[in-house]
Participant: 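This structure is in structure tokens; I'll ask about it shortly.
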Amino acid sequence: MLDLKFIRNNVEKIKRAIELKNDHADVDKLIELDTEKRKMLIEVEDLKRQRNTVSEEIGNMKKLKQDASEVIAKMRNVSDKIKELDEQIRKLDEQIFEIQIRIPNIPHPSVPEGKDESANIEVKKWGELPEMDFQPLPHWEVGEKLGILDLAGGSKVSGSFFINYMGLGARLQRALISFMLDLHIKKHGYIEVYPPFIVNRESMFGTGQLPKMEEDMYHAAVDDLFLIPTAEVPVTNLLRDQVLKGENLPVYYTAYTPCFRREAGTHGKDTRGLIRVHQFDKVEMVKFVDPKVSYDELETLLGNAEEVLQLLELPYRVLTLASGDLSFAAAKCYDIEVWAAGLSKWLEVSSCSNFEDFQARRANIRFKRDPSSKPEFVHTLNGSGLALPRTVIAILENYQTDEGTIIVPEVLREFMGTDIIK
RNA sequence: GGAGAGGUGCCGGAGCGGCUGAACGGGGCGGCCUGCUAAGCCGUUGUAGGUCUUUGAUCUACCGAGGGUUCGAAUCCCUCCCUCUCCGCCA
């Protein structure tokens, strides 16, 4: 969410940003409502001041046993008028808020302009694409043949696009989760968090999923709770409504959670096997930082995610997302795409974003630079490190042999208890 | 799910319906004192928003949230939320 004062003073800039993000929000209407509201505020505050002073006088008169009934009658009218105006202001505030919360974050100047992913810019490539002297199979064939991937089981117990892993497939999930968490807590200095997987409406609003993405999430209607689409939601909201000490920044959290996404409207292409599923595992990194250093922090966050792939020895590339491909709340975002040999495609396994103070304002997460200074909003960042299904795809496809077995990446062997899946 | 207790400022903790933005204590900040530290003393210390003659002045709102009563509510009434204790149920 953007600051109302900032919106007032930067109307053109914001309209441009909305356009760059292929979004819609009626900024003119907001300004109109805001102007009207402030006019009424002046009026009602003046009446309240009257009421306060006169009420005090009434108190004094009563103490002196004087008759105050005439003044009281007059104040009754004033109070009614105040009630009326307050109600109108409340309605205006509501309307303003409804527009305000739908204005997207403004892209950082370094973000390439462009209406969709075709304008994304590749900024880095790492590793060699595997060369195979046989035709590599897609992961669903490798996985089903080895009995570690059970697509039929998943769809039987839940529905299509739900996955069941068996044996070493199941263990591979656990191995990847442990490996990633260990890396982030031991080497990169994150604190491990194990948050709730179901959250309330306030949390979904805080990180910006609501109101725009409501139909993309699983919702437990009786309790009005949502299954998290990413650990970003519970982990970021842990610090909601807090004022942190400046000396405690930056705060680095990492968490494993399953993620639940309805993926409404995306059924169709590129959805076979593990490519796009309703429930998947992910290790997420979340940072709360001083605004002055948030873009440096974005680079190290990206590096932390990259290191996972480097250690797994999976080739990848990094893209800077164009404005039109940026999510609602992000000011800048890098995507990491891993190479999948069987599909012969790059697959997104991580998004590393700087939200600046956009989420912090919504979730009211602040810090005091010094004990005596005013609270400021922190900057929040998060990045996947990494999403599991596509990492699994890359492992199954890139590490497959012509015998249909899979060589376990070096760093996972201690977790897997084997160096080969056969 | 049942019974009870409670939610006040950075923290603890007061608060006959009117001079309480909030006593008192602690903490923080500034200063005095001190060889240094501690103690002691003095002062200061919330957030948000509006207006203006806009680095200051002034006004308004905020005592879990939302309503209500009243000329006037932290204080009275209603609803909801949360926390704690006990009982029941359960992985």
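If you're wondering where the values come from, they're calculated on a predicted model, not measured in any experiment. Reminder, nothing fancy here: chain letters follow the sequence lines and each chain counts from 1.
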Participant: Run A:F260 and A:F280 through ring pair (Phe, Tyr, Trp, His ring centres under 6.0 Å) and show every step you take.
Facilitator: CA-CA 7 Å; A:F260 304 92; A:F280 63 94; 8.7 Å; no
Participant: Select base, sugar-phosphate, or nothing to describe what A:K37 touches, counting heavy atoms under 4.0 Å on all strands.
Facilitator: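 Result for A:K37 = nothing.
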Participant: Applying a 4.0 Å non-hydrogen cut-off, can you work out what A:R8 is touching in the nucleic acid: base, sugar-phosphate, or nothing?
Facilitator: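 Sugar-phosphate: the residue A:R8, judged by heavy atoms under 4.0 Å, touches backbone atoms but no base.
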Participant: Could you verify whether a donor N or O on one side chain and an acceptor N or O on the other, from A:K287 and A:T300, lie under 3.5 Å apart?
Facilitator: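 Yes, because at least one side-chain N or O of A:K287 sits under 3.5 Å from a partner of the opposite role on A:T300.
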Participant: State, without any angle test, whether A:E232 and A:Q359 hold a side-chain donor-acceptor pair at a distance under 3.5 Å.
Facilitator: yes
Participant: Looking only at the side chains, is there a donor atom on one of A:Q50 and A:T53 sitting less than 3.5 Å from an acceptor on the other?
Facilitator: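 No donor-acceptor contact under 3.5 Å links the two side chains.
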Participant: Give a yes/no verdict on a cation-pi contact between A:R174 and A:F415, requiring under 6.0 Å between NZ or CZ and the six-membered ring centre and an angle within 45° of the axis.
Facilitator: no
Participant: Between A:K368 and A:D34, which has a closest nucleotide on RNA chain B that is more 5'?
Facilitator: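 This one resolves to A:K368.
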Participant: Using a cut-off of 4.0 Å on non-hydrogen atoms, how would the nucleic acid contact of A:K74 be classed: base, sugar-phosphate, or nothing?
Facilitator: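 Counting heavy atoms under 4.0 Å across all strands, no contact is made by A:K74.
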Participant: If you restrict it to nitrogen or oxygen atoms, what contacts under 3.5 Å exist between nucleotides 79-82 of chain B and the protein, and what is each distance?
Facilitator:
none

Participant: Between B:rU70 and A:S79, is there an OP1 or OP2 to side-chain N/O distance shorter than 4.0 Å?
Facilitator: no
Participant: Sugar-phosphate means primed atoms, P, OP1 and OP2; the rest is base. With that split, encode nucleotides 55-68 of chain B 5' to 3' as B, S or - using protein heavy atoms under 4.0 Å.
Facilitator: ----BBS-------
Participant: Please state whether the phosphate of B:rU70, meaning OP1 or OP2, lies under 4.0 angstrom from any side-chain nitrogen or oxygen of A:R76.
Facilitator: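 No, because none of the side-chain N or O atoms of A:R76 sits under 4.0 Å from OP1 or OP2 of B:rU70.
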Participant: Would you list the pairs meeting side chain to side chain donor-acceptor pair (under 3.5 Å) in which at least one residue belongs to residues 246-259 of chain A, sequence neighbours left out?
Facilitator: A:Y252-A:E297, A:Y256-A:D281
Participant: Would you mind classifying the nucleic acid contact of A:I58 as base, sugar-phosphate or nothing, using non-hydrogen atoms under 4.0 angstrom?
Facilitator: base
Participant: For RNA chain B, which ranges pair as stems of 3 or more consecutive Watson-Crick or G-U pairs, with both donor-acceptor distances under 3.5 Å?
Facilitator: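 Only these stems qualify: B:1-7 with B:81-87, B:10-12 with B:24-26, B:27-32 with B:40-45, B:46-52 with B:56-62, B:64-68 with B:76-80.
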Participant: For A:E410, enumerate each residue passing the salt bridge (Lys or Arg N to Asp or Glu O under 4.0 Å) test, keeping only those at least two apart in sequence or located in another chain.
Facilitator: A:R413
Participant: OP1 or OP2 of B:rA48 sitting under 4.0 Å from any side-chain N/O of A:R361?
Facilitator: no
Participant: Between B:rG31 and B:rG18, how far apart are the two C1' atoms, rounded to whole Å?
Facilitator: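 B:rG31 and B:rG18 have their C1' atoms separated by 38 Å.
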Participant: List for me each residue that meets ring-ring contact (aromatic ring centres under 6.0 Å, His included) alongside A:F226, sequence neighbours excluded, and say none if there are none.
Facilitator: A:H219
